[in-house]
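Following: one structure in structure tokens, then a few remarks.
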Amino acid sequence: MRLFDTLTRETRELQPADGKTFGFYCCGPTVYGPAHIGNFRSFVLQDVLRRVLEVGGMRTKHVRNITDVDDKTICDSQAAGMPLTNFTTQWTERFHEDCRKLNCLPPHVEPSAVAHLPEQIAMIEALIEKGHAYASDDGSVYFRISSFSEYGRLARLDRQDLELGRTQNQRANADEYEKDSICDFVLWKARRREDGENFWPSPWGEGRPGWHLECSAMSLKYLGETFDMHSGGEDLKFPHHENEIAQSRCACDGQFALSWFHPTFLLVDGAKMSKSLKNLYTLDDLEKKGFTAAECRYVLVSAHYRKQLNFTFDSLHAAKEALGKLARAERELARAAGQEGAPSYKSLCGLEDFGVFAPAFVALNDDLNTAEALGQLFVGLRTATSEGGAGPNWRGLHAILAALGLILPGVAVVKAPPEAVALAEKRQEAREGKDWAAADRLRDELKELGWVVKDLREGYELEPV
RNA sequence: GGCGGCGUAGCCAAGUGGCCUAAGGCGACGGUUUGCAAAACCGUUAUUCGGCGGUUCGAAUCCGCCCGCCGCCUCCA
């Protein structure tokens with residue numbers, strides 16, 4: 001597939017450098033609370049990228065870290081009166097649960113930052129040895145950005161401006177830093193009283209790693225000095241990814257990530273999500289409003305990844321309707337093809353004949369155009385049962401759904417309780433006796449119980465309101 | 001101040017030089033169906049792409065200016 005590389009700003013064909021497995025690293029969540037739908041835009045799009053590669057027949061190795069030691073996790077675990085590990089474990093489990101609901105494939109490796117301290121310390125040692133880092137009097141270690149000429153390339157920031165503190169926020173925060181240059185960043189943070197029990201030994205004294213370091217150390221361990229792709233939300237470009245590049249390129253001889261994939265921010269009601277605007281939603285919040293994770297995922301893939309996506313409840317409603325339409329069309333196509341259920345994900349990887357849905361897969365392979373692919377999905381459905389073989393079309397449809405990671409709603413997700421079924425049966429009898437008044441009354445009663453009765457050609461169907 | 005992006009129908013959103021009198025979804029409206037509804041199904045819904053100029057045989061697509069919106073510049077997916 002072809003994909004835009006954020007570093008070089010070129011659209012290039014993605015090929016594994018080793019000719020076998022496409023290795024990519026994604027910056028994972030900081031586990032100090034539930035992830036919100038903005039976080040999930042990145043994780044879902046990374047998942048779609050992986051799925052498109054795999055459905056296209058490529059092997060992948062997906063590494064995504066868990067940030068379980070940093071300012072926020074330490075601060076919030078103490079506020080909660082819990083040991084750091086217990087605190088982060090609870091939120092890691094919640095993250096996994098949300099990912100499962102969103103139908104995200106688990107990464108092949110999901111390393112924890114706190115479990116990789118030796119690797120991080122080793123990288124700092126290498127950086128000091130090569131003259132790219134220095135220890136300060138208090139036992140912290142900093143990276144010297146003046147030692148890396150390419151610093152600022154990814155974010156397109158001028159290194160001189162950074163070094164001279166010319167950018168907006170640096171002027172305000174200048175006094176907070178005790179280091180040689182204002183923009184040098186911390187690799188190892190000396191132990192402070194407010195860290196409580198959360199400190200570890202190092203050659204520079206007790207302390208903890210800076211948060212940029214973990215991704216460099218763990219990508220090196222699991223993917224090597226040079227690997228195919230690195231991804232994270234656009235806000236991580238600077239400083240996080242810029243710092244990672246500096247660390248990894250200076251500590252090792254490899255090229256680090258060969259390409260970069262940065263999904264753009266999610267907006268809610270036209271504005272960046274924030275607690276103060278009360279537009280920050282978790283999956284749980286959406287579920288309480290009656291929307292499923294599958295519907296959320298549909299919205300998250302409904303726009304191109306390089307465009308800001310405006311998330312609204314109208315779009316969630318549209319997603320619900322669209323998924324229902326897809327599900328009905330799939331059942332019709334399955335009948336025409338004489339198929340039941342869904343083919344396994346594995347059986348769809350490497351599929352060659354997408355039938356009438358070929359244009360949808362072309363769109364996905366063209367810079368991950370998920371919006372175009374969804375459009376082509378519906379275009380294909382108009383002719384899927386009539387044109388060509390229903391069998392290949394049915395498999396092609398499922399391959400596109402698998403690539404997007406969409407789950408279609410089943411016919412009876414929730415079973416109606418016996419009392420609702422009893423009312424529905426009574427209404428059916430009344431209808432057959434043409435007692436319309438009684439039938440309408442029973443319909444109202446069912447509605448009060450929380451069920452809507454839908455009359456079919458033969459019989460009826462109950463759905464929750 | 002520096003960097004990046006966006007503006008396409010009521011809403012969401014593809015398309016980035018000719019197949020575009022602009023895909024698709026939602027909504028709305030009309031019809032079929034129905035005891036009536038709901039659901040479902042079928043159809044209609046932008047001669048036009050923020051504004052004004054320019055380049056071109058040809059522009060939503062390229063260039064210039066203007067207007068409006070958003071993001072990043074060391075907490076951030």
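Per chain, numbering begins at 1; letters A, B, ... match sequence-line order.
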Quiz item: Among B/G15, B/A77, B/C73, which is the nearest nucleotide to the side chain of A/F238?
Solution: B/C73

With a cut-off of 3.5 Å and sequence neighbours excluded, list every side-chain donor-acceptor pair involving residues 428-442 of chain A.
from, atom 1, to, atom 2, distance (Å)
A/R431, NH1, A/D455, OD1, 3.3
A/D435, OD1, A/A438, N, 3.3
A/D440, OD1, A/R443, NH2, 3.3

Exercise. Send over the distance from A/L326 CG to B/A40 P, rounded to a whole Å.
Key: 13 Å

Quiz item: If you look at every strand shown and take non-hydrogen atoms under 4.0 Å, does A/G233 touch a base, only sugar-phosphate, or nothing?
Solution: sugar-phosphate

Practice problem: Examine A/R64 relative to A/F43 and say whether NZ or CZ is less than 6.0 Å from the centre of the six-membered ring and inside a 45° cone about the ring axis. | Solution: yes

Self-check item: Pair partner, B/G1 [Watson-Crick or wobble, under 3.5 Å]
Solution: B/C73

Practice problem: Evaluate the ring planes of A/F40 and A/F95, with Trp represented by its six-membered ring, and classify them as parallel (under 30°), tilted (30 to 60°) or perpendicular (over 60°). | Solution: parallel

Quiz prompt | Nearest-angstrom distance from the residue atom NE2 of A/H304 to P of B/U8 | solution = 17 Å

Practice problem: Using only heavy-atom distances, determine whether the side chains of A/R50 and A/H108 contain a donor-acceptor pair under 3.5 Å. | Solution: yes

Quiz item: When the C1' atoms of B/G17 and B/G58 are considered, how many whole Å apart are they?
Solution: 8 Å

Quiz prompt | Nucleotide opposite B/U33 in a Watson-Crick or G-U pair, distances under 3.5 Å | solution = none

Quiz item: Counting any heavy atom closer than 4.0 Å, what does A/K237 reach on the DNA or RNA strands: base, sugar-phosphate only, or nothing?
Solution: nothing

Exercise. Using a 4.0 Å heavy-atom cut-off across all strands, classify A/G38 as base, sugar-phosphate, or nothing.
Key: base

Practice problem: From the options B/A39, B/C72, B/A14, select the nucleotide whose nearest atom is closest to the side chain of A/D235. | Solution: B/C72

Quiz item: Which sits closer to the 5' end of RNA chain B, A/S315 or A/V379, going by the nucleotide each is nearest to?
Solution: A/S315

Exercise. Answer with base, sugar-phosphate or nothing: what part of the nucleic acid does A/A271 contact at a heavy-atom distance below 4.0 Å?
Key: nothing

Exercise. For B/G17, give its Watson-Crick or G-U wobble partner with both distances under 3.5 Å, or none.
Key: none

Self-check item: Base-pairing assignment for B/A39 (Watson-Crick or G-U wobble, both under 3.5 Å)
Solution: none

Quiz item: How far, in whole Å, is B/C67 from B/U56 if one measures between their P atoms?
Solution: 28 Å

With the criterion being N/O to N/O and under 3.5 Å, what pairs connect the protein with nucleotides 61-63 of chain B, and how long is each?
none

Quiz item: When the distance from CG of A/N243 to P of B/C75 is rounded to whole Å, what number comes out?
Solution: 11 Å

Quiz prompt | P gap between B/U32 and B/U16, integer Å | solution = 41 Å

Quiz item: Can you list the residues that meet the salt bridge (Lys or Arg N to Asp or Glu O under 4.0 Å) rule with A/D367, with sequence neighbours excluded?
Solution: A/R306

Quiz item: If the P atom of B/C63 is compared with that of B/C6, how far apart are they to the nearest Å?
Solution: 12 Å

Quiz prompt | From B/C72, B/A14, B/A77, nucleotide with atom closest to A/H36 side chain | solution = B/A77

Quiz item: Is it true that the side chains of A/N39 and A/H36 contain a donor and an acceptor less than 3.5 Å apart?
Solution: yes

Quiz item: Now, which nucleotide makes the Watson-Crick or G-U wobble pair with B/A9, with each of the two distances under 3.5 Å?
Solution: none

Practice problem: Using the C1' atom as the reference point in each nucleotide, state the distance between B/A9 and B/G27 in Å, no decimals. | Solution: 12 Å

Self-check item: Base partner of B/A22, which must satisfy Watson-Crick or wobble distances under 3.5 Å
Solution: none

Quiz item: Is the count of non-hydrogen atoms from other residues, nucleotides or ligands lying under 6.0 Å from A/E194 atom CD greater than 12?
Solution: yes

Exercise. Could you work out the separation of B/G2 and B/G50 based on their C1' atoms and round it to a whole Å?
Key: 26 Å

Exercise. Using atom CZ of A/F40 as one end and atom P of B/A77 as the other, report the distance to the nearest whole Å.
Key: 11 Å

Quiz item: With rounding to whole Å, what would you report as the distance between B/G35 and B/G30 at their C1' atoms?
Solution: 23 Å

Quiz item: A/L377 near the nucleic acid: base, sugar-phosphate alone, or nothing, with a heavy-atom cut-off under 4.0 Å?
Solution: nothing

Quiz item: Quick one: which of B/G7, B/A77, B/A13 gets closest to the side chain of A/K307?
Solution: B/G7

Self-check item: Whole-angstrom distance between B/A59 and B/U8, as gauged at atom C1'
Solution: 14 Å

Quiz item: What residues form a salt bridge (Lys or Arg N to Asp or Glu O under 4.0 Å) with A/E448, not counting sequence neighbours?
Solution: none

Self-check item: Counterpart base for B/A28, defined by Watson-Crick or G-U wobble contacts under 3.5 Å
Solution: B/U44

Quiz item: Once you round to the nearest 0.5 Å, how far does CZ of A/F261 lie from CG of A/L3?
Solution: 6.0 Å

Quiz item: Quick one: A/E445 CD to B/A37 P, roughly how many Å, whole number?
Solution: 22 Å

Quiz item: Heavy atoms under 4.0 Å, any strand shown: does A/E234 hit a base, just sugar-phosphate, or nothing?
Solution: sugar-phosphate

Quiz item: In whole Å, what is the span from the CG atom of A/L236 to the P atom of B/C73?
Solution: 10 Å

Quiz item: Is it the case that more than 12 heavy atoms not belonging to A/K101 sit under 6.0 Å from its NZ atom?
Solution: yes

Exercise. Rounded to the nearest 0.5 Å, what's the gap from CE on A/M273 to OH on A/Y281? Could you check?
Key: 10.0 Å

Quiz item: How does protein reach along nucleotides 25-35 of chain B, written 5' to 3' as B (base within reach of a heavy atom under 4.0 Å), S (only sugar-phosphate), or - (no contact)?
Solution: SSS-------B

Quiz item: A/L300 CG to B/C12 P: how many Å, rounded?
Solution: 16 Å

Exercise. Could you tell me which residues satisfy side chain to side chain donor-acceptor pair (under 3.5 Å) with A/S112, sequence neighbours excluded, listed by chain and number?
Key: A/D68

Practice problem: Between A/Y305 and A/P29, name the one whose nearest nucleotide on RNA chain B is closer to the 5' end. | Solution: A/Y305

Quiz item: For the side chain of A/R9, counting heavy atoms from C-beta on, which of B/G5, B/A77, B/A23 is nearest?
Solution: B/G5

Quiz item: NE2/A/H212 to CD/A/Q120 distance, rounded to the nearest 0.5 angstrom?
Solution: 12.0 Å

Exercise. Measure from CG on A/L267 to C1' on B/G5 and round the result to the nearest Å.
Key: 11 Å

